[in-house]
Amino acid sequence: MSLKIASWNVNSVRQREGLVVDWLDRHQPDILCLQEIKCEEHLFPARFAEVGYHAVAVGQKSYNGVAILSRQPLTVTNRRLPGFAHEAARYVEIDWNGIIVGNLYLPNGNSGSAAGFQTKLDFFEALYGRARALLEAERDVVLTGDFNVCPTDEDFRPGALSASDALIHPASRAAWRRLCWLGLTDAQRAVQPQGRAFTFWDYQAGAWDRDSGLRIDHALLSPRLAERLESVRPDRDERARPQPSDHVPLVTTIAG
DNA sequence: ATGCCGGGGGCACCCCGA
């Protein structure tokens with residue numbers, strides 16, 4: 001069975017409801033993973049159901065929040081990342097026809113000083129544990145979402161970040177590599193080994209107009225799914241629309 | 001060194017984002 005799965009940090013699902021409905025209508029993914037919904041579950045828009053998508057939302061007031069939309073009824077396997085003790089709504093996981101799909105919003109790590117950065121590393125550690133358990137059980141796995149890490153220097157426009165930014169901190173990158181070295185494939189780099197594939201442009205300082213972007217939204221695939229990988233693409237067109245999110249959808253297709 | 005933009009909470013600015 002083929003799978004078209006997208007990940008999109010929408011920076012408030014209530015502000016972006018119309019854009020999301022329009023995008024679903026035009027792209028018809030099997031699954032859309034949302035991050036930064038920025039609302040509690042009871043405020044999550046009902047309109048996605050009206051256009052044929054089942055939804056699971058894990059939210060909180062003001063900050064964070066993740067959700068998964070699916071054309072098929074949802075089988076939720078986790079509403080929190082096992083091993084991550086913090087309350088923040090940053091992870092939701094489903095079983096889609098035998099494929100485990102983990103939708104994550106990794107802490108940025110720039111706020112809250114040393115403790116804030118440690119929370120980022122704590123999330124990575126818990127994600128490593130979850131991925132290892134799933135891979136040891138030989139499960140098919142997609143981990144997708146906003147990882148808040150630029151894996152290499154090709155993944156941000158020079159000048160877009162300071163050298164001390166948590167998105168390019170050596171410890172953040174080491175945690176990303178350790179996760180990949182479990183045997184997960186960075187889908188974007190499998191189809192495009194080099195060059196820019198930005199998924200985020202800041203609202204400030206004309207970042208979009210200057211193409212001063214970052215690649216921080218990713219899809220990691222377990223070995224059998226990596227073999228079936230067909231395409232990966234950030235949908236840059238969405239960044240040019242009125243009142244856009246600062247992130248664009250990352251669309252991954254896996255052959256049947 | 002700071003604001004540049006934008007969302008949420010809530011009604012004055014402040015926190016957070018990347």
Side-chain angles (χ1 to χ4, degrees), chain A residues 7-21 33-45 57-67 86-91 103-124 127 144-176 188 196-218 234 236 238-250:
Chain A
S7 170
W8 195 2
N9 179 323
V10 286
N11 187 21
S12 170
V13 72
R14 290 178 290 174
Q15 290 296 319
R16 239 56 77 186
E17 180 183 325
L19 285 178
V20 173
V21 167
C33 296
L34 301 173
Q35 302 90 36
E36 283 208 89
I37 65 171
K38 291 188 171 178
C39 66
E40 294 172 302
E41 280 121 77
H42 69 276
L43 296 172
F44 190 78
V58 177
Q60 65 183 89
K61 198 176 280 225
S62 302
Y63 304 122
N64 310 315
V66 288
H86 302 260
E87 288 301 312
R90 293 183 176 274
Y91 187 81
N103 173 25
L104 61 114
Y105 176 47
L106 221 138
N108 172 300
N110 282 311
S111 61
S113 62
F117 187 65
Q118 185 58 47
T119 301
K120 177 174 199 163
L121 300 182
D122 291 346
F123 191 101
F124 260 123
L127 189 60
T144 194
D146 179 355
F147 284 71
N148 268 320
V149 61
C150 303
T152 75
D153 286 349
E154 283 195 305
D155 297 318
F156 68 101
R157 182 73 167 234
L161 297 172
S162 78
S164 60
D165 198 287
L167 305 193
I168 54 174
H169 193 288
S172 304
R173 286 176 162 179
W176 163 264
Q188 184 70 53
R196 291 177 196 156
F198 297 150
T199 64
F200 166 93
W201 296 261
D202 201 297
Y203 291 118
Q204 301 182 62
W208 168 245
D209 293 326
R210 296 185 294 112
D211 195 23
S212 181
L214 314 175
R215 186 174 81 96
I216 50 176
D217 301 275
H218 305 296
R236 292 173 61 104
E238 282 303 304
R239 189 63 179 78
R241 291 169 74 83
Q243 280 86 55
S245 170
D246 40 7
H247 298 247
V248 297
L250 179 70

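Chain identifiers are assigned alphabetically (A, B, ...) following the order of the sequence lines, protein sequences preceding nucleic acid strands; residue numbering begins at 1 within each chain.
Side-chain nitrogen and oxygen atoms of A/R14 include at least one within less than 4.0 Å of the OP1 or OP2 phosphate oxygen of B/dG9. Between B/dC5 and A/Q243, no contact under 4.0 Å exists linking OP1 or OP2 to a side-chain N or O.
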Checklist line | Protein proximity profile, nucleotides 10-18 of chain B - base contact B, sugar-phosphate-only contact S, no contact -, cut-off 4.0 Å on heavy atoms | finding: -----BSSB
Next item on the list: May I have the step-by-step check of side chain to side chain donor-acceptor pair (under 3.5 Å) for A/T152 and A/D155, ending in yes or no?
Entry: CA-CA 5 Å; A/T152 75; A/D155 297 318; 3.2 Å; yes
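Looking only at distances, a side-chain donor or acceptor of A/W8 sits under 3.5 Å from a matching main-chain atom of A/H247. In terms of modelled atom types and a separation under 3.5 Å, the side chain of A/S172 and the main chain of A/A166 share a donor-acceptor contact. Proximity of a side-chain donor or acceptor of A/R210 to a complementary backbone N or O of A/A205 within less than 3.5 Å is detected.
For the residue pair A/N11 / A/K38, a side-chain donor-acceptor distance below 3.5 Å is found, with atom types taken as modelled. A side-chain donor from one of A/N9 and A/E36 sits under 3.5 Å from a side-chain acceptor of the other.
The gap from the P atom of B/dG6 to that of B/dT2 amounts to 22 Å, rounded to the nearest Å. For B/dG3 and B/dC16, the P atoms lie 16 Å apart once the distance is rounded to whole Å. As rounded to the nearest Å, B/dA1 and B/dC13 have P atoms that lie 26 Å from one another. The same atom, C1', is picked in B/dC15 and in B/dG10; the two are 13 Å apart, to the nearest Å. Rounded to whole Å, the separation between the P atoms of B/dC4 and B/dC14 comes to 14 Å.
A/R215 comes within contact range of no nucleotide atom at all, as no heavy-atom separation falls under 4.0 Å.
Among residues two or more places apart in sequence or in another chain, the salt bridge (charged side-chain N to carboxylate O under 4.0 Å, His left out) test is passed with A/E41 by none.
Stem analysis of DNA chain B (Watson-Crick or G-U pairs, both distances under 3.5 Å, runs of at least three) returns B:5-9 with B:13-17.
Using a 30° and 60° split on the angle between ring planes, A/H169 and A/F117 fall in the tilted class, from 30° to 60°.
Atom C1' of nucleotide B/dC4 and atom CZ of A/R210 are separated by 11 Å, given to the nearest angstrom. Separating the CH2 atom of A/W208 from the P atom of B/dG6 is a distance of 15 Å, rounded to the nearest angstrom.
The side chain to side chain donor-acceptor pair (under 3.5 Å) test with A/Q35 is passed by exactly one of A/N103, A/T144, A/D146: A/N103.
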